[in-house]
Structures are given as C-alpha cells and as structure tokens.
2 protein chains.
Amino acid sequence: MTSETDFLKTYKAEDYPIVLVTVDTVLLTYHESELKVLLVKRANHPEKGKWGLPGGFLEQDQDKSLEYAAKRSVIAKTGVTPPYIEQLHTLGSKNRDPRGWSTSIVFSALMPYAASGDFINTVEGVAWVALNGLDELDLAFDHSDSIRIAVERYRQKALYSFIPVFALTQPFTVTDLRKVHEALIGHDIQRKSFIRRVEASGMLKDTGESRTERGRPATLYKTAKGIEGYRFVRNIESE
Amino acid sequence: MTSETDFLKTYKAEDYPIVLVTVDTVLLTYHESELKVLLVKRANHPEKGKWGLPGGFLEQDQDKSLEYAAKRSVIAKTGVTPPYIEQLHTLGSKNRDPRGWSTSIVFSALMPYAASGDFINTVEGVAWVALNGLDELDLAFDHSDSIRIAVERYRQKALYSFIPVFALTQPFTVTDLRKVHEALIGHDIQRKSFIRRVEASGMLKDTGESRTERGRPATLYKTAKGIEGYRFVRNIESE
DNA sequence: CTAATAGTGTCTATTAGACATTATTGT
DNA sequence: ACAATAATGTCTAATAGACACTATTAG
C-alpha cells in the first residue's frame with residue numbers, strides 16, 4: 001500500500017491521454033439598436049480565415065483558473081477587457097477538432113459597447129457582428145452553437161431580471177434598458193409594465209440627471225449594488 | 001503558407017500542455033423524506049478513502065462525447081444507470097488536484113430511488129447519502145461545491161417548473177411531488193397552490209388509479225411529454 | 001402649434017397565499 | 001365515530017397587459 005505522497009512521486013501526467021483544452025468567450029453588447037457579438041478572424045489553422053469566438057488554449061503556466069484563462073485570451077485576441085465573465089457551458093467531443101479529442105469551456109458576458117473602445121472598428125480581424133447577420137457567416141467549429149446558447153440564456157434572464165443592463169453604458173434611460181430587453185426577448189414590452197418593475201425592484205437609482213434626444217427628457221439611472229442577484233417572481237410575457 | 005492538411009500532418013498533441021480532464025456527476029434522489037446524493041468511496045489516490053462524486057478520467061478511445069463519458073463513469077463506479085444527464089458546470093484550476101492542472105466537467109441529474117436498484121445498499125463503497133448529513137463527511141476535492149451548486153439549481157427549478165418530478169418513481173401522487181419541491185425549497189408549499197399548478201400546466205396526467213396509505217386515497221399521476229420544458233410564468237414563494 | 005418621446009392613471013386578468021370546508025379512506 | 005390524509009371553495013393580494021392620457025422638450 002502506497003501513501004498519497006508516494007503515489008504523487010511516481011505519477012506522470014504524460015502517461016494519461018491528452019485532451020485539448022481551450023476556453024472561448026461569447027461577449028455580447030447592444031449597439032445601434034442591435035445585439036452584437038465580438039468575433040475574431042482566425043489567424044491560424046485549423047479553420048484559418050473563418051470568424052470565431054475569441055479564445056485559445058489553456059496556458060498551464062500563466063492561468064491559475066479557467067476564468068482567468070478566458071479573460072486573458074479575450075484581451076490577447078481582441079484588446080477588449082470584459083468587465084466580468086461567467087461560465088456558460090462546456091463543449092467537447094472526439095470530432096469537433098481535427099487535432100483530436102477537444103473540449104472548450106465557454107464563458108459569456110454582456111458589456112457596454114463603449115467599454116470596448118472606439119479603436120475596435122479599426123482593428124483588422126476583430127469586430128462586433130450583429131446577431132441578425134450571423135447566418136451569412138460560416139463560423140469556426142461549433143461557435144455558432146455557443147452563441148445561440150448564450151443568447152437563449154440572456155433571453156431567459158431578460159424575462160425575470162435586469163441582467164441585460166450590463167450591455168449598457170451608465171447612466172442609461174429606462175427606454176435604453178427596455179430596448180435591450182426587447183431585442184433579447186424578440187418583441188415589445190409595455191412601457192408601463194417595465195417602469196413598474198424598475199420602481200418595484202429598487203435596483204435602479206435615479207441620478208437626478210436627464211438626457212434629451214427628441215421629445216421629453218428622459219431620466220438617467222444607474223444600477224444599485226446587487227442588481228445581478230435580483231429576480232422578479234413573475235416573468236415578463238415571453239411571446 | 002501551409003494548408004490545413006499540411007498543418008495537421010505536422011501537428012503533435014504532445015507538444016501542447018497537458019491538462020487532466022475528468023467528468024463527475026451529481027446524482028440526486030428523494031427517498032424516505034430526504035434528498036440524497038449518490039457517493040462513492042475513492043479506491044485510489046489522491047484522496048483515497050474519502051467519499052466523492054462518481055466520475056473519472058475522460059477516456060479518449062471509448063468516449064465520443066462528454067455526456068457519454070459521464071454516464072459511462074457513473075455506471076462503472078456505481079452500477080447505477082442514470083436515466084438522463086445534463087451539464088451543471090465546469091471546475092478547473094492549477095491547484096485543485098496535486099497531479100497538476102485539472103478540470104472537471106460536472107453533470108447532474110435527478111432520478112427515482114428505485115431505479116438505482118435495491119442492491120445499491122449492499123454494495124460496499126457506494127451509497128445514497130442524505131444532504132443533511134453531508135457536513136460531517138469530508139468529501140474529496142471540491143465535490144461538496146458541485147453538490148451545493150446542483151442543489152441550488154434544482155431549488156430554482158422547483159420554483160418555476162416540475163423538474164423535481166424526475167426524482168420520483170412513476171406513478172406518483174401530488175403530495176409526493178410537493179414533498180420533493182418542499183425539500184428543495186426548504187419550506188412548505190400551500191397544497192391548494194400546488195394543485196392549481198398541476199392543473200394549469202397540463203403536464204401531469206391522471207392515471208385513473210389511486211393509492212391509499214392513510215386517509216383518503218390519493219390520485220396517481222404520470223408525467224406528460226414535454227414536462228422538462230414547461231415553465232410557469234410566476235414562481236412559487238421562495239422564502 | 002406640432003411631432004416626438006417620457007412617463008402616469010386605471011381597468012382587467014391572472015395567479016399565488018391563506019385558510020376554512022368537504023371528501024374518502026382504515027380502524 | 002374518529003383520525004388521517006386528499007381535494008376543493010373562496011377571499012385577498014400582487015403584479016403584468018392594455019391602452020388612454022398627461023408632461024416636457026425641440027423646432
């Protein structure tokens with residue numbers, strides 16, 4: 001019988017089967033009345049030249065957690081720093097990558113368009129792409145599946161939370177936020193119903209400022225602490 | 001410039017960093033008025049002798065998907081065949097396993113106690129353990145985190161769906177199902193409210209049979225197709 | 001003044017909680 | 001009859017949808 005210490009002395013990682021481990025991130029935002037996802041043009045094989053999600057191999061040395069790896073690879077590939085990141089799901093199979101058994105831990109987040117910097121549009125090979133135009137793009141690997149899953153998850157959250165607020169620059173108007181919810185849900189929401197939820201939740205603070213574009217000025221709000229954990233007990237109509 | 005074919009010819013998986021990839025499964029059931037999780041006693045290092053979730057290394061040859069690997073390893077370690085399995089989350093970090101960078105894709109499912117077979121109690125090293133008694137057990141790795149996350153997820157689902165029905169043997173009574181919901185939510189639910197939901201959803205079919213234990217016989221129900229996708233628009237009270 | 005957008009009033013419909021009442025069994 | 005459990009009746013409270021109405025700005 002060996003002790004755990006003895007066991008570790010004789011253990012060699014190379015004796016175990018090798019699985020490719022990558023992390024990918026679905027970053028979504030709302031800009032010019034559209035939901036958009038951040039994509040990069042693949043510089044290397046496989047699937048070179050196709051657009052795909054920012055991500056890459058897990059780096060054993062520098063990455064101490066999966067989340068760190070996801071953030072690092074997004075910054076490395078796009079220059080964009082996501083304000084937070086959460087786990088979406090994990091894909092993996094024998095055939096999804098020609099190099100062998102491969103698994104990808106997929107993260108997702110919403111972020112304000114402005115936080116990605118205006119330079120984004122000038123960088124070759126990095127772009128915010130409208131979800132509506134995605135069908136025409138032949139994305140790398142199974143990345144379009146991950147995007148679909150992320151959007152579906154945020155659609156659900158739009159029904160019972162204010163999570164979509166993370167796609168906006170602060171401060172924002174109630175209409176701004178409602179538009180993001182509408183884009184996710186796929187249909188209009190009653191203004192009255194939406195404002196009632198803003199008031200009932202107490203999760204949006206009136207800044208006292210207002211913004212005028214056309215018509216009556218709109219009150220500007222910012223998020224209160226804990227908004228990410230707030231859930232309504234009743235959903236908004238989903239169809 | 002090389003083609004993708006050329007690239008694959010010269011590609012060697014061994015040149016890439018090795019990450020340990022395991023799958024683990026949180027199987028929950030409801031038995032004798034308690035929620036229980038299926039655990040196994042670890043036969044090998046590391047953490048030998050501790051109780052932990054059934055799971056194991058991804059086997060490149062036999063496993064063609066993550067889900068398959070999870071099911072295979074549950075059956076191998078426990079003899080129990082889970083009727084379905086879904087992805088919960090993925091844990092990974094540099095330090096969670098002394099053998100090196102390690103990641104575990106965690107699956108979860110609810111299943112009827114009876115489906116695990118009565119032999120379960122006679123097998124050394126495999127047991128259904130009540131969640132209430134888990135604190136006294138020092139589980140391997142971060143398995144208690146995964147159990148906590150699974151229970152929290154099913155608690156949420158108990159608020160807006162009939163997913164907890166998968167912990168029951170069919171047919172079952174409305175009270176059976178309500179008890180599972182109550183165990184997950186942590187407090188009683190109004191019988192009237194619960195029955196209204198059963199009727200409104202149309203997801204539970206009256207079998208015409210009934211079961212008598214003490215008092216008035218209770219109607220036996222079975223699930224209708226699509227129950228796993230059904231969501232109430234309003235939640236049950238959560239505290 | 002008009003157009004446009006923000007925001008409110010108010011009625012209805014739905015559905016959960018509370019809790020009393022009735023129904024059906026075994027002993 | 002009585003205890004135990006199942007199932008229903010019914011009132012109230014909360015909250016979303018519908019939609020008309022008022023408020024405030026630019027030009």
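This one's a predicted model, so the numbers in the text were calculated from it and none came from an experiment. The chains referred to below are lettered A, B, ... by the order of the sequence lines, with proteins before strands, and numbering in each begins at 1.
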*Start with the C-alpha distance between B/Ser161 and B/Arg231, add both sets of side-chain angles, then the distance that settles side chain to side chain donor-acceptor pair (under 3.5 Å), and finish with yes or no.*
CA-CA 5 Å; B/Ser161 78; B/Arg231 285 177 149 248; over 6 Å; no
Rounded distance (Å) that lies between atom [atom2] of [N] and atom [atom1] of [X]:
X        : N      : atom1 : atom2 : answer
A/Ile236 : C/dT14 : CD1   : P     : 18 Å
B/Glu199 : C/dT14 : CD    : C1'   : 15 Å
B/Ile195 : C/dG17 : CD1   : C1'   : 15 Å
A/Asn235 : C/dA16 : CG    : P     : 12 Å
A/Asp206 : C/dA6  : CG    : P     : 15 Å
B/Arg211 : C/dG26 : CZ    : P     : 14 Å
B/Ile189 : C/dT15 : CD1   : C1'   : 15 Å
A/Asp188 : C/dT5  : CG    : C1'   : 15 Å

Pair of N/O donor and acceptor under 3.5 Å linking [N] base with [X] side chain:
X        : N     : result
A/Arg214 : C/dA4 : no
B/Arg191 : D/dA7 : yes
A/Lys192 : C/dG9 : yes

Heavy atoms under 4.0 Å, any strand shown: does [X] hit a base, just sugar-phosphate, or nothing?
X        : value
A/Thr173 : nothing
A/Arg196 : base
B/Ser210 : nothing
B/Thr219 : sugar-phosphate

*Hey, do the aromatic rings of B/Tyr160 and A/Tyr160 have their centres closer than 6.0 Å?*
no
*Can you find a side chain N or O atom of A/Arg197 that sits less than 4.0 Å from OP1 or OP2 on D/dA16?*
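Indeed, a polar side-chain atom of A/Arg197 lies that close.
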*Step through the shown structure and confirm whether more than 12 heavy atoms of other residues, nucleotides or ligands are within 6.0 Å of NZ on B/Lys36.*
yes
_Heavy-atom nearest nucleotide on DNA chain D for A/Gln190 versus A/Glu213: which residue maps closer to 5'?_
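Here A/Gln190 is the residue nearer the 5' end.
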*Relative to the 5' end of DNA chain C, which residue comes earlier, B/Arg234 or A/Arg216, by the nucleotide with the nearest heavy atom?*
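This one resolves to A/Arg216.
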*Start at the 5' end of DNA chain C and walk down; is the nucleotide closest to B/Thr212 or to B/Glu237 reached first?*
B/Glu237
_Distance-only side-chain donor-acceptor flag, A/Ser210 / A/Thr219, under 3.5 Å_ = no
*Does the side chain of A/Thr29 come under 3.5 Å of the side chain of A/Trp128 through a donor N or O and an acceptor N or O?*
no
*Complement of C/dG9, any strand, by Watson-Crick or G-U distances under 3.5 angstrom*: D/dC19
